[in-house]
Amino acid sequence: MATDNRSTVNHEIAESLREMAKLLEEQDANPFRVNAYRRAAETVAGLREDVSALYRRGGREGLDALPFIGEGLARAIESLLETGRLPQMDRLRGQAEPETLFASIPGIGPGLAAAIHDTLHVDTLEELELAAHDGRLEQVPGIGARRAAAVRAVLAEKLKRPRSRTARRAPAPSVAALLEADREYRDKAAAGTLKTIAPRRFNPSQRPWLPVMHTEKGGWHMTLLFSNTARAHELGKTRDWVVIYFYDGDHNEGQCTVVTETAGPRKGHRVVRGREAESG
């Protein structure tokens with residue numbers, strides 16, 4: 001029975017990683033990223049024990065220590081084990097629903113979850129936790145210091161790691177690299193040369209309208225999509241706001257949003273939200 005269970009769990013995790021590799025390949029992602037997911041899938045499939053038992057014993061660090069895994073892919077496997085889903089894959093399939101995820105946190109209802117997503121443009125619990133630590137969460141209407149502290153406590157328990165590891169922001173690409181990727185994405189989207197996906201949200205006809213681009217700039221792997229948030233639709237910015245997900249060599253993910261500034265000295269220019277002073 002234990003062997004069957006091990007085989008089933010490891011097979012399911014490996015298949016999800018292979019699906020992610022196939023999706024990236026279909027969307028013309030960098031072969032390095034495609035092969036990384038495939039190697040990780042083979043590692044999990046070849047384990048002599050249940051990967052969930054390994055995770056319970058050693059946590060994310062135990063997964064990280066496996067051959068061809070690394071920190072970012074360990075996070076992906078952790079997400080599959082904890083939730084049964086891979087946020088990156090949901091996003092690239094147009095199936096991401098971050099508001100539902102955020103509303104699962106005590107004290108955050110559907111309205112506040114939508115406000116968090118529309119204000120901060122985050123769509124994973126780890127990005128939300130980072131925002132709760134660096135002060136951005138308190139910028140969301142309806143969230144003060146006390147509620148932000150409660151969210152930090154819940155997420156620290158839910159994600160099961162020390163708070164000190166989440167209190168600082170990870171390195172990010174240069175603004176120049178982000179703006180270069182943004183310009184390339186918008187040019188190719190306008191020319192109709194990018195693969196498109198059919199987002200589940202705000203798309204009742206399920207039309208594949210949302211262009212997706214994978215590229216590499218300044219040593220970072222990047223995935224770009226137009227914002228499909230409620231706020232973007234409300235303001236007519238679904239062809240202006242560009243969300244960039246970036247990945248380092250260990251597949252750790254960060255994200256930012258590039259917009260056309262509507263006021264001030266940079267009015268009419270493309271800027272990276274939160275890094276306007278660096279945007280020229």
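Any value given below was found using the heavy atoms of this structure, including those in side chains, with hydrogens, waters and symmetry copies removed.
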Residues R60, E78: salt bridge by 4.0 Å N-O rule: yes
For the student: nearest non-hydrogen atoms of A41 and R18, plus distance: CB-CG, 3.6 Å
Derivation and outcome, side chain to side chain donor-acceptor pair (under 3.5 Å), residues Y245 and Q88: CA-CA 9 Å; Y245 301 92; Q88 296 95 325; over 6 Å; no
Flag, side chain of D64 to backbone of A74, donor-acceptor distance under 3.5 Å: no
Closest non-hydrogen atom pair, F202 against T229: CE1-C, 3.8 Å
Any donor-acceptor N/O pair, R85 side chain to S79 backbone, under 3.5 Å: no
Short side-chain to backbone donor-acceptor contact, N203 and P199, under 3.5 Å: yes
Under 3.5 Å donor-acceptor, D182 side chain and L178 backbone: no
Note, V271 side chain near V175 side chain (heavy atom, < 4.5 Å): no
Any side-chain heavy-atom pair of T260 and H269 under 4.5 Å: no
Distance-only side-chain donor-acceptor flag, H233 / T238, under 3.5 Å: no
Working for side chain to side chain contact (heavy atoms under 4.5 Å, CB included), residues M222 and E216: CA-CA 6 Å; M222 301 182 187; E216 186 173 346; over 6 Å; no
Minimal non-hydrogen separation, T43 against P67, with atom names: OG1-O, 2.8 Å
Check: H221 ring centre within less than 6.0 Å of F32 ring centre: yes
With F226, the ring pair (Phe, Tyr, Trp, His ring centres under 6.0 Å) member among Y185, W241, W209: Y185
Under 3.5 Å donor-acceptor, T193 side chain and A189 backbone: no
Ion pair check, K188 and E184, cut-off under 4.0 Å: yes
Side-chain donor or acceptor of R75 paired with backbone N/O of N252 under 3.5 Å: no
Donor-acceptor contact present, side-chain Y247 to main-chain R33, <3.5 Å: no
Stepwise side chain to side chain contact (heavy atoms under 4.5 Å, CB included) test for T257 and V242: CA-CA 6 Å; T257 304; V242 174; over 6 Å; no
Cationic N near anionic O, under 4.0 Å, K22 to E25: no
Smallest separation among heavy atoms of A148 and E138, with atom names: CB-CG, 3.6 Å
Check: L81 and V51 side chains under 4.5 Å, non-hydrogen atoms: yes
Donor-acceptor pair, side chain of E276 and main chain of G274, under 3.5 angstrom: yes
Intermediate values then yes/no, side chain to side chain contact (heavy atoms under 4.5 Å, CB included), I244 and T223: CA-CA 6 Å; I244 303 180; T223 298; over 6 Å; no
Heavy-atom pair of closest approach, residues I197 and R91: CD1-O, 3.6 Å
Main-chain N/O of F68 paired to R39 side chain as donor or acceptor, under 3.5 Å: no
R270 and R186: CA distance, side-chain angles, deciding distance, side chain to side chain contact (heavy atoms under 4.5 Å, CB included) verdict: CA-CA 11 Å; R270 300 292 286 177; R186 289 183 296 115; 3.4 Å; yes
N/O donor-acceptor pair under 3.5 Å between R273 side chain and C256 backbone: no
Side-chain donor-acceptor contact under 3.5 Å, Q27 with H214: yes
